[in-house]
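Heads up, the thing below is written out as structure tokens.
Position 1 is the first residue of the sequence, and the numbers go up from there. Each ligand, and each atom within it, is numbered from 1 in the order the structure gives. Computed from a predicted structure; not experimentally measured.
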Amino acid sequence: MKFSKQEQPLSSEPHRILVTGGAGFIGSNFVHHWCKQYPDDRVVVLDALTYAGNRNNLAELEGLQNFRFVQGDICDRVLVDTLLQEEAIDTVAHFAAESHVDRSILGPDAFIRTNVVGTFTLLESFRHHWERRNRPENARFLHVSTDEVYGSLDPDDHPFTETTPYAPNSPYSASKAGSDHLARAYYHTYGLPTIITNCSNNYGPYHFPEKLIPLTCINVLLGKALPIYGDGQNIRDWLYVGDHCRALDAVIHRGVPSETYNIGGNNEVKNIDLVHMLCELMNELAPHLPVHPSQKLITFVKDRPGHDRRYAIDATKAKTELGWTPAETLERGLRQTIEWYLAHRDWWQPLLSEEYQAYYRQVYA
Ligand code: NAD
Ligand code: DAU
């Protein structure tokens with residue numbers, strides 16, 4: 001079966017969008033972005049509120065007439081069917097996932113369940129819903145994925161493009177690769193208007209404390225060791241989360257079904273250099289640090305198994321076809337992020353729960 005790859009302009013009618021994982025880090029930033037930009041759109045968040053989900057991330061939106069939060073699992077087919085139908089959803093923005101590589105090494109089961117089976121459940125439910133509604137032109141299924149599916153780059157390799165072969169190296173990235181393949185197959189088999197985005201490392205507000213940037217900021221404030229895996233020479237391409245949300249907005253409005261778009265920050269930095277930058281900024285911005293200068297806290301620890309050496313994104317296609325480029329520099333983005341964490345102790349302190357401490361001991365013991 002062949003489907004036209006022509007860009008189909010979406011109608012000017014307000015969207016009715018289901019955001020899965022909307023209480024997580026990127027999902028909640030995206031929901032804030034969308035509610036601000038498109039106040040006439042209906043926004044329904046479906047989130048299981050796992051350890052990484054936090055309803056407080058959406059507190060300011062709870063009173064809005066066009067906003068609804070539903071606590072539930074994307075693997076629950078009956079719930080997903082019901083929501084798509086009763087809310088007459090035309091667009092799915094699918095963020096829900098288990099997202100932390102270290103946790104996927106400790107216990108991959110949840111990654112297969114949510115990332116593979118959950119994505120399958122959503123695709124299957126949305127396909128039936130879309131077919132029942134006579135395949136509306138404005139329907140979209142945005143599958144939010146990661147650059148980790150492409151594996152690891154050598155120092156002189158060209159950054160990942162949309163045609164780089166998949167080579168995932170962790171249970172997390174393998175589960176995301178599986179879900180990407182399902183999203184692709186649903187276009188080619190059924191014509192479902194799926195679009196995939198593969199993005200580099202995000203940072204910014206509402207980032208759960210276990211990831212490198214918030215972990216570094218919080219540990220500096222607490223005077224705790226800053227664990228650097230291996231030799232600290234691994235490279236990531238950092239993107240401010242607000243820039244990612246603008247990219248996803250452009251993909252939903254102007255992206256072509258069946259296409260993949262790579263999204264990246266054009267900010268390749270070695271982990272050790274990033275942590276030094278964060279320490280410098282923390283020394284400047286945070287008063288009365290328990291250990292000063294905070295660089296003294298840097299500690300090299302045992303490497304992550306299968307640790308990918310380098311990620312980098314070539315986002316030329318997003319620039320030329322969607323008109324998107326990142327707006328934040330790394331320095332400005334990190335400054336804003338640190339200022340947010342300094343002003344929102346009440347957000348992150350409760351997340352350092354007993355459960356979090358147990359996880360922390362397991363990874364860093
Ligand atoms: P996150 O871990 O902060 O949030 C995930 C959210 O999904 C949480 O709110 C959680 O409660 C929810 N969730 C988990 N399992 C669920 C289930 N079975 N049913 C319903 N909800 C469930 O993740 P994130 O960092 O915001 O990442 C969001 C998406 O973006 C993921 O798909 C991830 O693979 C992708 N991504 C993340 C990054 C990054 O740097 N964080 C970069 C590229 C792509
Ligand atoms: O590239 C996109 C991916 O970025 C997303 O798909 C993932 O969901 C997201 O978690 C992120 O994965 P990383 O593994 O790159 O992010 P993390 O913050 O866990 O680690 C960033 C780098 O820092 C990585 O090279 C491992 C290293 N690191 C991490 C932690 C938590 C350390 O050196 N010490 C640490 O304590």
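- Geometrically, R103 engages Y359 in a cation-pi contact, judged by NZ or CZ lying under 6.0 Å from the ring centre and within 45° of the ring axis.
- Only the backbone of L49 comes within contact range of ligand 1, with a heavy atom under 4.0 Å; no side-chain atom does.
- The pair D81-R77 meets the salt-bridge criterion, since a charged nitrogen lies less than 4.0 angstrom from a carboxylate oxygen.
- Counting only distance, with no hydrogens or angles, the side chain of S152 and the backbone of D308 share no donor-acceptor pair below 3.5 Å.
- A cation-pi geometry, defined here as NZ or CZ lying under 6.0 Å from the six-membered ring centre and within 45° of its normal, holds between K224 and Y360.
- Within the listing of ligand 2, atoms 5 (C), 6 (O), 7 (C), 8 (O) sit less than 4.0 angstrom from a heavy atom of Y172.
- Residue contacts with ligand 2, taken as heavy atom pairs separated by less than 4.0 Å, involve K211 via backbone and side-chain atoms alike.
- The shortest N or O to N or O distance between T146 and ligand 1 is not below 3.5 Å.
- Under the 6.0 Å cut-off for aromatic ring centres, W130 and F126 do not qualify, their centroids lying 6.0 Å or more apart.
- Polar contact with ligand 2: absent for S200 (N/O pair, distance under 3.5 Å).
- Taking every non-hydrogen atom of S200 and a distance limit under 4.0 Å, the qualifying atoms of ligand 1 come out as 42 (C), 43 (C).
- On a distance-only criterion, D102 and ligand 2 share no N/O pair closer than 3.5 Å.
- One N or O on the side chain of T299 and one on the backbone of L297 form a donor-acceptor pair closer than 3.5 Å.
- Under a cut-off of 6.0 angstrom, the local environment of CD in E86 is crowded, with over 12 non-hydrogen atoms contributed by other residues, nucleotides or ligands.
- Within the 4.0 Å heavy-atom criterion, the part of Y172 lying near ligand 1 is the side chain and not the backbone.
- Of the possible donor and acceptor atoms, none in the side chain of D154 sits under 3.5 Å from a partner among the backbone N and O of D157.
- For ligand 2, the atoms lying closer than 4.0 Å to a non-hydrogen atom of Y364 are 30 (C), 31 (C), 35 (C), 36 (O).
- Ligand 1 has no nitrogen or oxygen under 3.5 angstrom from a nitrogen or oxygen of L46.
- Considering both main-chain and side-chain atoms, C75 never comes within under 3.5 Å of ligand 1 through any nitrogen or oxygen pair.
- Within ligand 2, counting atoms from 1 as listed, the ones closer than 4.0 Å to a heavy atom of H307 are 24 (C), 25 (O), 26 (C).
- Atoms of ligand 2 lying under 4.0 Å from any heavy atom of P227, numbered from 1 in the order shown and given with element: 32 (C), 33 (O), 34 (N), 35 (C), 36 (O).
- Among the atoms of N54, none of the N or O lies under 3.5 angstrom from an N or O of ligand 1.
- Residue contacts with ligand 1: H94 is placed with no nitrogen or oxygen under 3.5 Å of a nitrogen or oxygen of the ligand (distance criterion only).
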